[in-house]
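Report on one structure; see the data block that follows.
The residues of the chain are indexed from 1 along the displayed sequence. Quantities reported herein were computed from a predicted structural model and do not represent experimental measurements. Counting convention: from 1, in listed order, for ligands and their atoms alike.
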Amino acid sequence: MANPPLPVENSTTSFWRSQSLHEIDNLRSPNFPSEADIVIIGAGYTGASLAYHILNLSPNSANKPSIVILEAREACSGATGRNGGHLKPDAFIKAAAALDEYGKEAAEEVARFETRHIAAIGDLVRKEGIDCDFVVTRAIDVCLYDKAHHELKAKLDKLRDAGVDVGDVFYSSGDTAAGFSGFKGARGCFSTTTAHLWPYKLVTHLLAKAVSQGVNLQTWTPVSSVSSAPTSSGRYSVTTDRGTVAATKVIYATNGYTSALLPSLSNKLVPVRGICSRIVCPPDAKKRAPLLTNSYIMRFNDHEYDYLIPRTDGSIIVGGARRDYYHQLDSWYNVHDDSQLMDKAEHYFDGYMQRHFHGWEDSGAVTESVWTGIMGYTGDGYPFVGRLPEAKGQFVCAGFNGHGMPQVFLSARAIAEIVVQGKGVDEVDLPQLYRLTEERLGRQKQHVSLAAHERFQNEKRRKEGAGG
Ligand SMILES: Cc1cc2nc3c(=O)[nH]c(=O)nc-3n(C[C@H](O)[C@H](O)[C@H](O)COP(=O)(O)OP(=O)(O)OC[C@H]3O[C@@H](n4cnc5c(N)ncnc54)[C@H](O)[C@@H]3O)c2cc1C
């Protein structure tokens with residue numbers, strides 16, 4: 001078999017990883033183990049959350065499983081170390097789709113699961129004393145074209161009419177939308193409770209705690225294969241170029257890279273490249289820019305949206321930039337290489353604040369850094385969380401569709417309960433739509449991202465045909 005496309009070694013440097021790296025960033029625990037009760041592949045938000053929950057569920061040293069985390073690069077160097085840090089629950093858009101397709105119970109589960117992450121991460125940060133700039137605020141979903149505005153409003157109304165709890169969504173339209181959001185040209189806005197944080201600091205804190213409790217962490221140790229059947233001793237062989245670990249249970253926390261190890265998930269869990277930036281204002285700017293306290297999603301058309309998070313240090317994180325690369329499918333879909341920017345998008349963020357925000361015209365805001373990262377997109381848009389149908393002792397917690405911050409922590413808790421306590425999938429707190437089942441995998445036909453791209457191409461052709 002050809003070598004699977006593993007994380008590349010020379011990834012772009014994100015702002016979050018550009019300073020104050022944690023001492024465990026490159027850690028290789030003493031002794032490369034030959035066996036373990038549980039091997040977690042991947043040391044991002046998912047891997048760290050899994051270790052945290054597994055250890056919490058096994059408080060006595062007598063029943064504490066031996067855990068090995070194998071990470072291809074540095075700790076938290078995947079999507080988690082290069083994302084926007086936006087912990088923004090989707091209170092109603094996914095839920096509305098779930099309502100149409102799967103009914104009220106499924107819609108409610110999806111909406112609540114995400115929303116509960118704000119409290120869950122807030123509690124975690126307080127309990128563990130994690131210094132990660134955790135801020136709870138409001139996110140404003142700004143619609144810059146009427147179709148999105150009307151469609152989102154209709155979704156919200158439909159959920160409310162069906163009695164689905166969508167939480168504290170505040171809606172504003174017309175003239176008040178631009179004033180409320182501060183965004184030029186806003187037609188409609190939806191504001192919800194949100195949070196943001198420094199993900200690298202959260203994850204490395206959790207990993208360091210796990211290591212202090214006996215977890216063996218091996219960075220720079222890519223897994224090249226996992227045996228699909230256990231040996232006679234009931235263990236799977238997890239192979240790396242530094243040796244093989246025989247593990248009773250294996251958990252894939254490999255997000256966008258999962259199908260490289262599990263070819264059965266190819267076309268169902270696809271690596272998708274995203275781009276993000278940090279914008280800063282010079283201290284000697286002609287005019288001080290207005291303070292932004294909310295975070296944002298900006299919807300420009302059906303295929304283009306950005307997200308923006310003002311940081312506690314006054315800088316701004318902006319990601320998206322689809323305007324400049326979405327048309328070129330092979331620059332983002334099925335791409336596992338985060339050592340390159342999408343060239344066309346490199347300058348997308350220049351002048352962004354001046355272009356879009358009232359009062360920022362003379363701010364002098366400039367792009368300080370731009371980086372890319374690899375996300376895992378599933379065929380139906382919901383994560384894959386559960387036991388691998390073809391291997392009883394192997395589990396997947398991956399495919400967070402570029403939106404893992406409000407989905408990962410509690411998904412990892414569900415997997416930890418299944419693995420440690422032997423609970424059934426019906427006994428854990430996990431939306432039905434996230435469950436990894438043979439039936440769900442069989443149902444997946446055209447990948448949602450490909451279907452969306454096809455719609456985009458058709459629209460483009462139609463406009464060109466109409467001379468528009
Ligand atoms: C540019 C960008 C912006 C984003 N912005 C946001 C945002 O603002 N809000 C939000 O909710 N989500 C955002 N996301 C998505 C979010 O970052 C992910 O959903 C989340 O971090 C997933 O965490 P994870 O631990 O599952 O994956 P990752 O952080 O990618 O971790 C997987 C780890 O597995 C390792 N690995 C993979 N294969 C192997 C192997 N064979 N052997 C050993 N190790 C392996 C990788 O090196 C990696 O460290 C963004 C993603 C990107 C790329």
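- Less than 4.0 angstrom separates some heavy atom of G85 from each of these atoms of ligand 1: 8 (O).
- Heavy atoms of G402 come nearer than 4.0 angstrom to ligand 1 in at least one pair.
- The protein heavy-atom contact nearest to atom 42 (N) of ligand 1 is V223 N, 2.9 Å.
- Taking distance alone, with nitrogen or oxygen atoms compared against 3.5 Å, T221 stays at or beyond that limit from ligand 1.
- When all heavy atoms of L207 and A43 are compared, the pair lying nearest together is CD1-O, 3.9 Å.
- In terms of polar-atom proximity, defined here as any N/O pair under 3.5 Å, E74 makes no such contact with ligand 1.
- Atom numbering of ligand 1 starts at 1 in the shown order; those under 4.0 Å from a heavy atom of G373 are 53 (C).
- In this structure, R278 forms a cation-pi arrangement with F15, its terminal cationic atom sitting closer than 6.0 Å to the ring centre and no more than 45° off the ring axis.
- Relative to atom 6 (C) of ligand 1, the option among L70, N83, T194, L261 with the closest non-hydrogen atom is N83.
- For atom 52 (C) of ligand 1, the nearest non-hydrogen atom from the set H117, Q218, E114, M375 belongs to M375.
- For ligand 1, the atoms lying closer than 4.0 Å to a non-hydrogen atom of I41 are 40 (C), 42 (N), 43 (C), 44 (N).
- Ring orientation note: the planes of F409 and Y52 are tilted relative to one another, at an angle of 30° to 60°.
- Neither the backbone nor the side chain of W371 comes within 4.0 Å of ligand 1, counting heavy atoms alone.
- Side-chain atoms of R323 and F300, non-hydrogen and from C-beta on, never get closer than 4.5 Å to each other.
- Considering every non-hydrogen atom in both E128 and H205, the closest pair reads O-NE2, 3.3 Å.
- Which parts of ligand 1 touch L6 is read off a 4.0 Å heavy-atom cut-off, strictly below it: atoms 41 (N).
- When the heavy atoms of A72, P7, P406 are ranked by distance to atom 43 (C) of ligand 1, first place goes to A72.
- Below 30°, between 30° and 60°, or above 60°: for Y296 and F357 the angle between ring planes is above 60°, a perpendicular geometry.
- A salt bridge links K423 with E417: at least one charged nitrogen is closer than 4.0 Å to a carboxylate oxygen.
- By the criterion of a heavy-atom distance under 4.0 Å, both the backbone and the side chain of A79 are placed next to ligand 1.
- Ligand 1 has a nitrogen or oxygen under 3.5 angstrom from a nitrogen or oxygen of E71.
- Within ligand 1, the atoms closer than 4.0 Å to a non-hydrogen atom of G42 are 33 (C), 34 (O), 35 (C), numbered from 1 in the order shown.
- Within the 4.5 Å cutoff, the side chain of L124 has heavy atoms near those of the L206 side chain.
- Classification of the Y326-W332 ring pair by plane angle, with boundaries at 30° and 60°, yields parallel.
- Residue I374 has no N or O atom closer than 3.5 Å to an N or O atom of ligand 1.
- Per-residue contacts place H403 under 4.0 angstrom from the following atoms of ligand 1 (heavy atoms of the residue considered): 10 (C), 11 (O), 12 (N), 15 (C), 19 (O).
- With Y434 as reference, F113 is the one residue of F384, F113, F400 to meet the ring-ring contact (aromatic ring centres under 6.0 Å, His included) rule.
- Of all the listed residues (T46, I69, T258, I317), T46 holds the heavy atom that lies closest to atom 25 (O) of ligand 1.
- Between E74 and R17 there is a salt bridge, since at least one side-chain N of the basic residue sits less than 4.0 Å from a carboxylate O of the acidic one.
- Within the structure, the closest approach of A398 to ligand 1 does not fall below 4.0 Å when heavy atoms are considered.
- Between S295 and P310 the shortest side-chain heavy-atom distance falls below 4.5 Å.
- The protein non-hydrogen atom at the shortest distance from atom 5 (N) of ligand 1 is G84 N, 3.0 Å.
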Residue pair R273, T372: steps toward the side-chain hydrogen bond (donor to acceptor under 3.5 Å, both in side chains) verdict: CA-CA 7 Å; R273 183 161 59 184; T372 49; 5.3 Å; no
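- The option with the heavy atom closest to atom 39 (C) of ligand 1, from among I275, T254, L50, is T254.
- Taking only non-hydrogen atoms, the option from G78, A253, S224 nearest to atom 32 (C) of ligand 1 is A253.
- Contact annotation: for R273 versus ligand 1, there are no heavy atoms closer than 4.0 Å.
- P222 counts as a contact of ligand 1, since one of its heavy atoms falls under 4.0 Å from the ligand.
- Between G404 and ligand 1, an N or O atom pair is found at a separation short of 3.5 Å.
- From the protein, the heavy atom lying nearest to atom 3 (C) of ligand 1 is Y307 OH, 2.9 Å.
- Side chains of D25 and T204: a donor-acceptor N/O pair is absent below 3.5 angstrom, by distance only.
- Ranking protein heavy atoms by distance to atom 23 (O) of ligand 1, first place goes to T80 OG1, 3.2 Å.
- Using a cut-off of 4.0 Å between Lys/Arg side-chain N and Asp/Glu carboxylate O, R299 and D141 are scored as salt-bridged.
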